[in-house]
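The next block holds one structure in the form of structure tokens; read it before the comments.
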Amino acid sequence: MRLIDDEDKIIEPSEFLDVAKQTKLYNELTKIVFTKAMMFLSQTSNKISIDINASDILDESTRITIYDFISTNPYANRIILEIEEAEAIESYNEIQEFLTAIKKYGTNIAIDDFGVGYSNFEYLLKLQADYIKLDGTLIETICDDLNSKKVAKTIIDFAHLNHIQVIAESVSSKEIFENVKDLGVDF
């Protein structure tokens, strides 16, 4: 999602999502994103990832909207819902129930920004993750920082033992690519 200002400058989500949350517009933006994503899916055979957060799932109106899109869409098996790992999720039961319901339609779950913040392995299992995305700050230092490499390897091994595929974010050089590939990253 991007905004375009009066001077045609693109405004990144990091610059406006906090304001949207404070003004109670965030959930409306989520609904708009889903509407656009469903239109896009009808025009491609690719998968599409959509970022959501715990508040999207916990807000009844937004949750129902997302569920309706997924349960009535023939392309549901090409949707990956990305949930930010950095959020402290306290309502596991409600979120688990929702994710279990949408997975019945073939929708996949990815945990975004894993490896910093809370990095709770139980989180991966409770949310039935199909993918985890290793946080870019971890990947960016993987060539020079032995601790980053150890953390990444531990996460990758745990994920693979639980049939979860791993995506590396911020792969910006051949050296980083070779390192994450050697560690067993899937994408």
Would you say the side chain of Val166 lies within less than 4.5 Å of the side chain of Ile155, judging by non-hydrogen atoms?
-> no
Provide the closest heavy-atom pair for Tyr67 versus Ala101 in the form atom of the first, atom of the second, distance.
-> CE1-CB, 3.9 Å
Find the distance between CG (Asp135) and CD1 (Ile111) and round it off to the nearest 0.5 Å.
-> 13.5 Å
Does anything in residues 43-62 pair up under ring-ring contact (aromatic ring centres under 6.0 Å, His included), and if so which pairs, sequence neighbours excluded?
-> none
For the side chain of Lys31 and the backbone of Thr65, is there at least one donor-acceptor N/O pair under 3.5 Å apart?
-> no
Give a yes or no on whether Ile132 and Ile109 share a hydrophobic cluster (residues Ile, Leu, Val, Met, Phe, Trp, Tyr; joining criterion: side-chain heavy atoms under 4.5 Å apart).
-> yes
Does any non-hydrogen side-chain atom of Leu3 lie less than 4.5 Å from one of Glu15?
-> no
With side-chain contact (heavy atoms from CB on, under 4.5 Å) as the test, would you mind laying out the steps for Met1 and Ile32 before giving the verdict?
-> CA-CA 9 Å; Met1 175 186 313; Ile32 291 168; 5.9 Å; no
Ile80 side chain near Asp130 side chain, heavy-atom distance below 4.5 Å | no
Atom NZ of Lys133 and atom CD of Glu82: how far apart are they, to the nearest 0.5 Å?
-> 3.5 Å
Might you point out which heavy atoms bring Pro74 and Asn77 nearest each other, and give the distance in Å?
-> O-OD1, 3.9 Å
Rounded distance [0.5 Å steps], SG in Cys143 versus CD in Glu178 = 10.0 Å
Nearest 0.5 Å please: distance from the NZ atom of Lys174 over to the NZ atom of Lys181.
-> 8.0 Å
Going through the checks in order, is the side-chain contact (heavy atoms from CB on, under 4.5 Å) test met by Ile142 and Leu183?
-> CA-CA 10 Å; Ile142 206 157; Leu183 291 174; 3.4 Å; yes
For Ile164, does its backbone N or O pair with a side-chain atom of Asn162 as donor and acceptor, under 3.5 Å?
-> no
Heavy atoms, side chains only, cut-off 4.5 Å: are Met38 and Leu41 in contact?
-> yes
Using the side-chain contact (heavy atoms from CB on, under 4.5 Å) rule, take Ile4 and Arg2 through it: C-alpha gap first, then chi angles, then the decisive distance, then the call.
-> CA-CA 7 Å; Ile4 300 174; Arg2 306 291 183 267; 5.5 Å; no
Taking the side chain as every heavy atom from C-beta outward, state whether Val185 and Val171 have any atom pair closer than 4.5 Å.
-> no
Closest non-hydrogen contact found for Gly136 with Ser170 is CA-OG, 3.3 Å
same_hphob_cluster(Leu127, Leu58) at 4.5 Å side-chain heavy-atom cutoff | yes
Distance, nearest 0.5 Å, that separates CG of Asn53 from CG of Leu17 = 9.0 Å
Compare every heavy atom of Ile70 with every heavy atom of Ala76, then report the nearest pair and how far apart it is.
-> CB-O, 3.4 Å
Hey, could you give me each pair passing salt bridge (charged side-chain N to carboxylate O under 4.0 Å, His left out) that has a residue in residues 48-69? Not counting sequence neighbours.
-> Arg63-Glu94
Note, Thr62 side chain near Ile66 side chain (heavy atom, < 4.5 Å) | yes
From Thr23 atom OG1 to Glu28 atom CD, the distance as rounded to the nearest 0.5 Å | 10.5 Å
On the 0 to 90° scale, with breaks at 30° and 60°, tag the Phe69-Phe34 ring pair as parallel, tilted or perpendicular.
-> parallel
Would you kindly confirm whether Ile50 and Ile95 end up in one hydrophobic cluster when ILVMFWY residues are joined by side chain heavy atoms under 4.5 Å apart?
-> yes
Find out if a path of hydrophobic residues (ILVMFWY) with successive side-chain heavy-atom gaps under 4.5 Å connects Ile79 to Ile167.
-> no
If Ile, Leu, Val, Met, Phe, Trp and Tyr residues are connected whenever their side-chain heavy atoms lie under 4.5 Å apart, and connections chain through other members, are Val33 and Leu25 in the same group?
-> no
Residue pairs, two or more places apart or on separate chains, that pass ring-ring contact (aromatic ring centres under 6.0 Å, His included) and touch residues 160-187 | none
Flag the pair Lys149 / Lys153 as yes when at least one side-chain heavy-atom distance between them is below 4.5 Å, and no otherwise.
-> no
Going by the side chain to side chain contact (heavy atoms under 4.5 Å, CB included) test, name the single residue among Asp113, Thr137, Leu134 that passes it with Glu169.
-> Asp113
